[in-house]
Amino acid sequence: MTEPGIDAPDKYDPNLAIDKWLRVWEDKHLFEADGLVDAGTAGQDDARPRSCVVSMYPYPSGDLHMGHAEVYSISDVIARYLRLRGDNVLNPIGWDSFGLPAENAALKRDLDPSTWTYANIEVQAESFRRLGVSFDWRTRLHTSDADYYRWNQWLFLRLLEKGIAYRKSAPVNWCPVDKTVLANEQVVQGKCERCGSTVQQRDLTQWFFRTTQYAQRLLDDMAQLEGNWPSEILAMQRNWIGRSTGAYVDFAVEGRAEPVRVFTTRPDTIFGATFFVVAADAPLAAELCAPENRAEFEAYRDKVRTETEIDRLAADRPKTGVPLGRHALNPVTGQQIPIYAADYVLATYGTGAVMAVPAHDQRDLDFAKAMGLPVVAVLDTGEDDPATTGVATAGDGTLVNSGRFDGLAKADAIEAVTADLQERGAGERAVIYRLRDWLVSRQRYWGTPIPIIHCPSCGEVPVPDDQLPVRLPETGYELRSADGASPLESATEWAAVDCPSCGGAARRDTDTMDTFVDSSWYFLRYPDPTYTGGPFNPEGVARWFPVAEYIGGKEHATGHLMYARFMTKVLHDLGMVGFTEPFAKLTNQGQVIMNGRSMSKSLGNLVNLQEQLGLYGPDAVRVTMLFAGPPDEDIDWADVSPTGAVKWLARIWRLAGDLTTPDATDGDGELRQQTHRLVDEITTLFETRRLNVAVARLMELTSLLRKACDSGAGPADPAVHEGMSALLRMLSCFAPFTADEAWSRLGLPSSVIEHGWPEADPALVFQQTVVCAVQVAGKVRDRLTVATDITETDLRDLALNSEKIVKDLAGRAVLKVIVRAPNLVNIVPAKA
RNA sequence: GCCCCCGUAGCCCAACAGGCAGAGGCAGCCCCCUUAAAAGGGGUCGAGUGCCGGUUCGAAUCCGGUCGGGGGCACCA
């Protein structure tokens, strides 16, 4: 075997120079942002614009995989580009290191979650280094460190003070066999992922954050993001928030002091409300139920409670329900209408009760048919009577059977009826949201302990700030406790504390926080990850945030991104940050797939990153990812060619070796122009993040230079050197190792990335002449080389007098000439 | 059902703001080099933009419809 670089000096080895360049970059501190928290720490150069480029931090589930390589390649190219352009760039890294997989791995391997987690973090950190990602390692944080999660607890307490955190009973997924609470992703088609038994809903008292209170602001502030976030993500968030406008209507119920309130988007149809439905699982249903209906109701309700997602997801399931033996008073018709309990009404949306208008709502109509209830059409849409067709009419029309509102158009009627109800105190205009409050309690071990103490006499008592952090117990707990309560229930010694308020015996809250709490603010801690004066250093936050560009997958559209936006607004309201949106710009990256499908062990189509790195080296893997297509599109690894990337990098490397000492000439003018035009174009492509096209242009520049070196200007021509210098500086964003290696082959002082982004000289970019297409009736008939600044009149004359055009026109009259100097002339002739 | 994104050579992808459909790569083919091999060099072939219609002097691009793919929300009143 030959030793690369010794016996085969002209062979490019994609893995040869990695350690060398990693050392050079680290020794020179090239990736460290200047003045992380204040101008005094380093800052000779604080006039530079600051840019904070953040990629969503990884979960340490093992070594890095292809998906990681893509996200961090994209963010790294952007960070490196901005740095070359002269920005003071912060490119931080941390780990989302709490979470369920650590517990599962720990159970499987019989070790503790912490050991597994921190070992993985070390593996990933080293892989990031070897991938050439230009992180500022001083930012490094792990959310599972007590130094981090104590601030989760601190923030929780602030939210509690503001009334944003509160406790209520809510259902959780419960596996009766494993006797444990399951996360949604552990429930597959209503069954426990692990043991396959049917998951039940069980009520537990849990902590929530009032995201609903921020629903309108989350919606309104999207105006700030429009154009800088992908429209798709904004649409998903809009869907998720699900604003709907309408009215609350109060229905008096016999024998009940307070009326029952419903929400409707169609107050105009209230004259057609012939019955009333309450969600069977809502407390209201049990309350309203008449004694003689109780047995039937409870049987129905219990059945509904065992129904889980599987049943709920079944399409077109027949409507079921039971009468509650009570009546409500339709506030406009004065009619007594029967009240039913049914499962098609959701307890958690609106008020958990609806006025049913079967003629104009398909669900109500289906229910009416099943129960034999009357159907009264109150809006004439010109369609057939819903009572006979079984199809509810939801379109536009005119009111009928609606007393004094008859004849009004739908939109006017909505206004008029709402106003009328409001006047009579029977209702009001209302806006409601689909968005729910954020359930933050998790019955898990590996997370942030909730800093609350439950005292038999004082109730819920916050842990005083000076007693934070509430540390996770390292021993004395069972990950899977016998009765399936929170693992921390089993840490009896840990849980037993004295009440901070009365000093009596009390117990800690044994739930931990959703890891989305950790990730809702982590980026703010990056500038000063060991800060002890608060969750984040306000000076650092003021300097670096909002994040200039945030990079990650769109699977986080409605989860993480929503929570981070919410938390930012809360922090803003607490006076802790000066902005209301955390991420000024969002770039999505697609997934890396294989043969048209997501990679998975079971499909046998996994592509191993380390293997790819071994075969092609980090540069080629990065280039392959970025060249494959626009960043937000999925990459099918079967469609791309890492060997093609290696070939290209090798060509550049060889070309650098082929150049000779520059001579004293002015250099090839034509080549200089081409180089500067490409630099100009590539700069725009970087600005607009069309990185795949930028790679293509760099390949083009490579070919130009190869040709010039071999057959034109020659290897000593200064223009060739200039082109090569520009190429390598731009290349360093994509392929930093190769760029530096080739740069040093040219005999230039390392590192290439200290030499800045090439500047295109406008005088060289400008084209003296261009080729103008001359069309006849839209078809190109001639091409003329003309001066770029030719006037429309001159160009028009030139075109009309062109030999080919005269011939093509063959004497036809010219109706019109469109001139778009200097690129195009279109001559419209009369029909022959 | 409502909403969003996308359909361009065999494949992955370009085409600034409507203006000459092709930059780059993969695969194929040809030549040269080397020949033990090719992650050596050079060249070449190749689509009228899913389909129908409209606007326009001119449409991949704008509009309407339709088909196909991907995604989000959903008994949400």
Side-chain angles (χ1 to χ4, degrees), chain A residues 10-14 230-242 244 246 262-266 269 277 312-317 319 342-346 348-357 360-364 366-367 394 432-435 554-555 557-558 615-616 620 623-624 627-630 632-636 638-651 654 678 681 684-685 688 690 692-700 702-703 706-707 710-711 771-783 815-818 820 823-829:
Chain A
D10 245 17
K11 176 122 173 88
Y12 169 79
D13 180 337
S231 61
E232 194 185 355
I233 302 294
L234 295 177
M236 282 163 77
Q237 293 212 345
R238 241 174 244 118
N239 269 341
W240 188 257
I241 295 169
S244 88
V262 300
F263 174 78
T264 178
T265 54
R266 295 293 305 279
T269 62
V277 188
R312 291 252 165 181
L313 287 173
D316 288 327
R317 55 203 285 259
K319 294 280 180 288
D343 66 350
Y344 83 92
V345 170
L346 303 177
T348 50
Y349 186 76
T351 62
V354 300
M355 66 176 208
V357 184
H360 305 297
D361 183 289
Q362 192 60 49
R363 298 158 299 183
D364 294 342
D366 293 343
F367 190 80
I432 68 168
Y433 303 88
R434 199 199 68 91
L435 183 75
K554 67 180 169 194
E555 65 274 20
T558 53
L615 284 169
Y616 309 111
V623 165
T624 304
F627 182 55
D632 59 325
E633 272 177 33
D634 287 350
I635 296 170
D636 194 327
D639 290 336
V640 297
S641 170
T643 62
V646 175
K647 269 194 208 174
W648 175 50
L649 296 172
R651 289 178 71 199
R654 276 194 308 271
L678 277 168
E681 194 186 347
T684 307
L685 290 167
T688 50
R690 282 176 300 157
N692 55 323
V693 190
V695 173
R697 292 294 170 272
L698 290 173
M699 289 175 172
E700 218 176 321
T702 309
S703 297
R706 179 85 247 173
K707 244 172 257 180
D710 291 351
S711 53
V771 174
C772 174
V774 185
Q775 302 175 330
V776 175
K779 297 214 160 68
V780 180
R781 297 297 184 202
D782 197 10
R783 289 169 207 282
L815 292 182
K816 205 175 194 179
V817 181
I818 288 101
R820 289 283 173 274
N823 298 311
L824 185 126
V825 178
N826 188 15
I827 297 163
V828 186

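Just so you know, these numbers come straight off a predicted model, no measurement behind them. Note: hydrogens, waters and symmetry copies are ignored here, and every other heavy atom, side chains too, is used. To find a chain, count down the sequence lines: A is the first, B the second, and so on, and within it residues start at 1.
If you take CG of A:Asp13 and P of B:A38, they are 20 Å apart, rounded to a whole angstrom. Across the protein-nucleic acid pair, A:Arg238 atom CZ and B:A74 atom P stand 17 Å apart, rounded to whole Å. Following rounding to the nearest Å, A:Gln362 (CD) and B:G1 (C1') show an atom-to-atom distance of 11 Å. When rounded to the nearest whole Å, the span between CD1 of A:Ile635 and C1' of B:G70 equals 16 Å. If you measure from atom CD1 of A:Ile827 to atom P of B:U56, you get 21 Å, rounded to the nearest angstrom. Rounded to whole angstrom, the span from the CD1 atom of A:Ile233 across to the P atom of B:G72 amounts to 11 Å. What separates CZ of A:Phe367 from P of B:A77 is a distance of 19 Å, to the nearest Å. With rounding to whole Å, A:Leu346 atom CG is found 6 Å from B:C75 atom P.
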Original post:
For every nucleotide of nucleotides 5-18 of chain B, 5' to 3': is a protein heavy atom under 4.0 Å from its base (B), only from its sugar-phosphate (S), or from neither (-)?
Top reply: S-----SSSSS---
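With B:G72, B:G19, B:A74 as the candidates, the nucleotide lying closest to the side chain of A:Arg434 is B:A74. The listed nucleotides are B:A23, B:A39, B:A77; the one nearest the side chain of A:Thr265 is B:A77. The side chain of A:Arg651 lies closest to B:G42, out of B:G19, B:A77, B:G42. Among the nucleotides B:C4, B:G25, B:C73, the one closest to the side chain of A:Met699 is B:G25.
Atom name P, nucleotides B:C16 and B:G54: the rounded distance is 26 Å, in whole Å. For B:C31 and B:G50, the C1' atoms lie 38 Å apart once the distance is rounded to whole Å. Of the C1' atoms belonging to B:C51 and B:C6, the separation is 16 Å, rounded to the nearest Å. As rounded to the nearest Å, B:C26 and B:A9 have C1' atoms that lie 13 Å from one another. Taking the P atoms as reference points, B:G28 lies 30 Å from B:G70, given to the whole Å. B:C33 sits 14 Å from B:G43 when the C1' atoms are compared, rounded to a whole Å. Of the P atoms belonging to B:A27 and B:C12, the separation is 15 Å, rounded to the nearest Å. For the C1' atom pair drawn from B:G18 and B:A74, the interatomic distance equals 38 Å after rounding to whole Å.
Using a 4.0 Å heavy-atom cutoff across all strands shown, A:Lys779 reaches no nucleic acid atom at all. In this structure, A:Thr643 reaches neither bases nor backbone, as no heavy-atom distance under 4.0 Å exists between it and the strands shown. Among the heavy atoms of the strands lying under 4.0 Å from A:Val771 is at least one base atom, whether or not backbone atoms are also near. Backbone-only engagement by A:Val828 is indicated by non-hydrogen atom pairs under 4.0 Å involving sugar-phosphate atoms exclusively. In this structure, A:Ser244 reaches the sugar-phosphate backbone alone: every heavy-atom distance under 4.0 Å involves primed, P, OP1 or OP2 atoms, never a base.
Under the Watson-Crick or G-U wobble criterion, with both distances below 3.5 Å, B:C62 is paired with B:G54. Nucleotide B:G1 is matched to B:C73 when pairs are restricted to Watson-Crick or G-U wobble geometry with both distances under 3.5 angstrom. The partner of B:C29 is B:G43, by the rule that a Watson-Crick or G-U pair needs both atom distances under 3.5 Å. When both distances must be under 3.5 Å, the Watson-Crick or G-U wobble mate of B:G68 is B:C6.
For A:Gln237, the side chain to side chain donor-acceptor pair (under 3.5 Å) criterion is met by A:Arg565, not counting sequence neighbours.
The phosphate of B:G41 has OP1 or OP2 within less than 4.0 Å of a side-chain N or O from A:Arg654. Within the structure, every side-chain polar atom (N or O) of A:Arg706 is placed at least 4.0 Å from both OP1 and OP2 of B:G41.
Across every non-hydrogen atom of A:Cys772 and A:Leu824, the tightest pair is SG-N, 3.6 Å. Residues A:Ile432 and A:Phe263 approach most closely at CD1-CD2, 3.3 Å, considering heavy atoms. Here the closest heavy-atom approach between residue A:Val262 and residue A:Thr351 is recorded as CA-OG1, 3.4 Å.
For the pair A:Lys319 and A:Tyr344, the cation-pi criterion (under 6.0 Å, within 45° of the ring axis) is fulfilled.
The glycosidic torsion of B:G48 lies within 90° of 0, placing the base in the syn range.
Under the 3.5 Å distance criterion, with hydrogens and angles disregarded, a donor-acceptor pair is assigned to the side chains of A:Arg690 and A:Thr688.
With rounding to the nearest 0.5 Å, the separation of CZ in A:Arg706 from OG1 in A:Thr702 is 10.5 Å.
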**OP:** Go through the steps for A:Met699 and A:Phe627 under the test side chain to side chain contact (heavy atoms under 4.5 Å, CB included), then give the verdict.
**Re:** CA-CA 11 Å; A:Met699 289 175 172; A:Phe627 182 55; 3.9 Å; yes
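For A:Ile432 and A:Tyr616, each mapped to the nucleotide of RNA chain B holding its nearest heavy atom, the one lying further toward the 5' end belongs to A:Tyr616. Comparing A:Asp364 and A:Asn239 by the nucleotide of RNA chain B whose heavy atom lies nearest to each, the residue mapping closer to the 5' end is A:Asn239.
Counting heavy atoms from C-beta on, the side chains of A:Tyr616 and A:Thr643 come closer than 4.5 Å. Taking 4.5 Å as the limit, some side-chain heavy atom of A:Val774 sits within range of a side-chain heavy atom of A:Ile827.
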